[in-house]
2 protein chains.
Amino acid sequence: MASRQNQSESRAETFSGTQAARIAGISYRRLDYWARTDLVRPTAADAQGSGSRRRYNYRDLLELRVIKDLLDAGIRLESIRRVFDYMRDHVTSDISAATIVISGSSVILCDGDELFDVLRHGQGVLNVLPLSGVRDEVDRGIVATTPDVAADEKDLAV
Amino acid sequence: MASRQNQSESRAETFSGTQAARIAGISYRRLDYWARTDLVRPTAADAQGSGSRRRYNYRDLLELRVIKDLLDAGIRLESIRRVFDYMRDHVTSDISAATIVISGSSVILCDGDELFDVLRHGQGVLNVLPLSGVRDEVDRGIVATTPDVAADEKDLAV
DNA sequence: ACGCGGAACTACACGGGTGTAAGACGTTAG
DNA sequence: CTAACGTCTTACACCCGTGTAGTTCCGCGT
């Protein structure tokens, strides 16, 4: 039955702006604002004039959700911007089970032991966000939002 | 020689608004704003009508500096407010070598191993701030700002 | 091929809330 | 008395969007 792979396995499908907003748990206007101000552009297809369509991929959804979580945690959008500018240039590795650590204007991706070292020796404020939780949130969002996948899930559950 | 105890030992002396601002590394305006909006009231003596004088104690200085560091880390003052409202009600223990961990609107004071557990099992964004660094910053601020203590330090150094 | 309905993006202006600074005002020391 | 200092009031600029109307494009029926 399952017409799709596991959620987080390199999915090739893309999402419209409206879908992406719903999945990430933000308003469409906010998504639009972030796209226009270069915070998160849709990777699959950017808008080019009125009437065109943005297409977000799975990784974009992760970023959107990370930003939402950071905002909810009370971090200013301005500093989130700096963090992501940095990350885009420096991070290529897979974002699966790592943890984002933000210290001032620099960002580190850690797993397990590394994390502990960083925290022990870190001075100043560190913002710590485990990405596994973010992925789960996004996957739940996809299931709850896209009708066909929801159907698949039901099939699996029964 | 040293006419005072060690910096962080229960010091009884108090500080004026201007002194407190300088030691914490913030503008006087900012200190004033925080006092008027109930973020950090001077414990030793609060303002009671125009022309009266605020007196801050050592612990107040620590709080001021923590807030400054959180702000510098890109956290919105609004959420810092919520955190401190909570902390005032729940935290009575000594703030010596612990670490503040902020998760959403709740705050935890940890030391060492505890910290590791919290971070491992934590969901969402965690803001981590070791207080030892804060205390050092404040003590340096006091030395650099109050003339007599600075003199003491010189005596010790020479 | 053509028109039409609706979804999606765009342009523009506005607004609540927040953090800060300037200056008016009061008080106290000397 | 008055100069120095500290507090209180008010105004302002900025952030982070949102409301709304307009525009473009897609898909579909005919």
Side-chain angles (χ1 to χ4, degrees), chain A residues 14-57 60-61 64 66-85 145-147, chain B residues 14-57 60 63-64 66-85 145-147:
Chain A
T14 60
F15 304 85
S16 74
T18 312
Q19 282 178 312
R22 268 202 268 269
I23 293 170
I26 60 177
S27 71
Y28 175 78
R29 298 304 287 111
R30 208 173 186 179
L31 179 89
D32 178 38
Y33 174 67
W34 290 357
R36 279 183 292 113
T37 55
D38 280 341
L39 182 54
V40 179
R41 298 306 271 269
T43 304
D46 205 345
Q48 292 184 342
S50 183
S52 64
R53 276 101 201 272
R54 301 193 179 103
R55 301 300 298 182
Y56 292 84
N57 65 18
D60 295 333
L61 297 186
L64 291 172
V66 166
I67 293 170
K68 174 193 162 26
D69 286 350
L70 290 171
L71 275 181
D72 288 349
I75 298 177
R76 274 175 278 155
L77 193 60
E78 188 189 357
S79 61
I80 297 176
R81 280 208 147 86
R82 286 203 313 272
V83 165
F84 273 75
D85 286 347
T145 313
T146 61
Chain B
T14 61
F15 305 86
S16 74
T18 312
Q19 282 178 313
R22 269 202 269 269
I23 293 169
I26 61 178
S27 71
Y28 178 80
R29 292 267 169 265
R30 214 167 180 180
L31 180 89
D32 181 34
Y33 171 69
W34 291 356
R36 282 181 293 108
T37 55
D38 278 342
L39 182 55
V40 179
R41 297 306 269 270
T43 305
D46 205 347
Q48 291 186 342
S50 182
S52 62
R53 276 106 200 269
R54 302 190 178 106
R55 300 299 297 182
Y56 292 84
N57 65 18
D60 294 334
E63 290 198 5
L64 291 171
V66 167
I67 294 171
K68 174 192 159 32
D69 287 349
L70 290 172
L71 274 181
D72 287 349
I75 298 177
R76 275 174 281 165
L77 193 61
E78 188 189 0
S79 60
I80 297 175
R81 283 205 146 85
R82 285 202 313 274
V83 166
F84 273 75
D85 287 347
T145 313
T146 62

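Letters A, B, ... are given to chains in the order of the sequence lines, protein chains preceding strands, and every chain is numbered from 1.
- Applying the side chain to side chain contact (heavy atoms under 4.5 Å, CB included) test to A44(A) and every residue at least two apart in sequence or in another chain returns T14(A), R55(A).
- Residues forming a side chain to side chain contact (heavy atoms under 4.5 Å, CB included) with A24(B) (at least two apart in sequence, or on another chain): I26(B), L64(B).
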Restricting both atoms to N or O, compile the protein contacts to nucleotides 15-22 of chain C shorter than 3.5 Å, with distance only.
| from | atom 1 | to | atom 2 | distance (Å) |
| --- | --- | --- | --- | --- |
| dT18(C) | OP1 | E78(B) | OE2 | 3.4 |
| dG19(C) | OP1 | L77(B) | N | 3.1 |
| dG19(C) | OP1 | E78(B) | N | 3.2 |
| dT20(C) | OP1 | R30(B) | NE | 2.9 |
| dT20(C) | OP1 | R30(B) | NH2 | 2.9 |
| dT20(C) | OP2 | R30(B) | NE | 3.4 |
| dA22(C) | N7 | R29(B) | NE | 3.0 |

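- Among residues two or more places apart in sequence or in another chain, the side chain to side chain contact (heavy atoms under 4.5 Å, CB included) test is passed with D72(B) by K68(B).
- Annotation: side-chain hydrogen bond (donor to acceptor under 3.5 Å, both in side chains) contacts of T18(A) (sequence neighbours excluded): none.
- Proximity of R54(A) to the phosphate of dT10(C): a side-chain N or O atom is located under 4.0 Å from OP1 or OP2.
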Collect all protein-nucleotide pairs involving nucleotides 27-30 of chain C in which both atoms are nitrogen or oxygen and the distance is under 3.5 Å.
none

Tabulate below the donor-acceptor pairs under 3.5 Å that side-chain atoms of residues 73-81 of chain A make, not counting sequence neighbours, or state none.
| from | atom 1 | to | atom 2 | distance (Å) |
| --- | --- | --- | --- | --- |
| R76(A) | NH2 | L71(B) | O | 2.5 |
| S79(A) | OG | R76(A) | O | 2.9 |
| R81(A) | NH2 | T37(A) | O | 3.3 |
| R81(A) | NH2 | T37(A) | OG1 | 2.4 |

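- Listed by first then second residue, pairs satisfying salt bridge (Lys or Arg N to Asp or Glu O under 4.0 Å) with a partner in residues 33-48 of chain A read D32(A)-R36(A), D38(A)-R41(A), R41(A)-D46(A), not counting sequence neighbours.
- If you measure from atom CD of Q48(A) to atom C1' of dC25(D), you get 13 Å, rounded to the nearest angstrom.
- For the side chain to side chain contact (heavy atoms under 4.5 Å, CB included) test, no residue two or more places apart in sequence or in another chain qualifies with R53(B).
- In terms of modelled atom types and a separation under 3.5 Å, the side chain of N57(A) and the main chain of T43(A) share no donor-acceptor contact.
- In this entry the distance linking CG of L31(B) with C1' of dC8(D) reads 14 Å, nearest Å.
- Look at CD1 on I75(A): it is 16 Å from C1' on dC15(D), rounded to the nearest Å.
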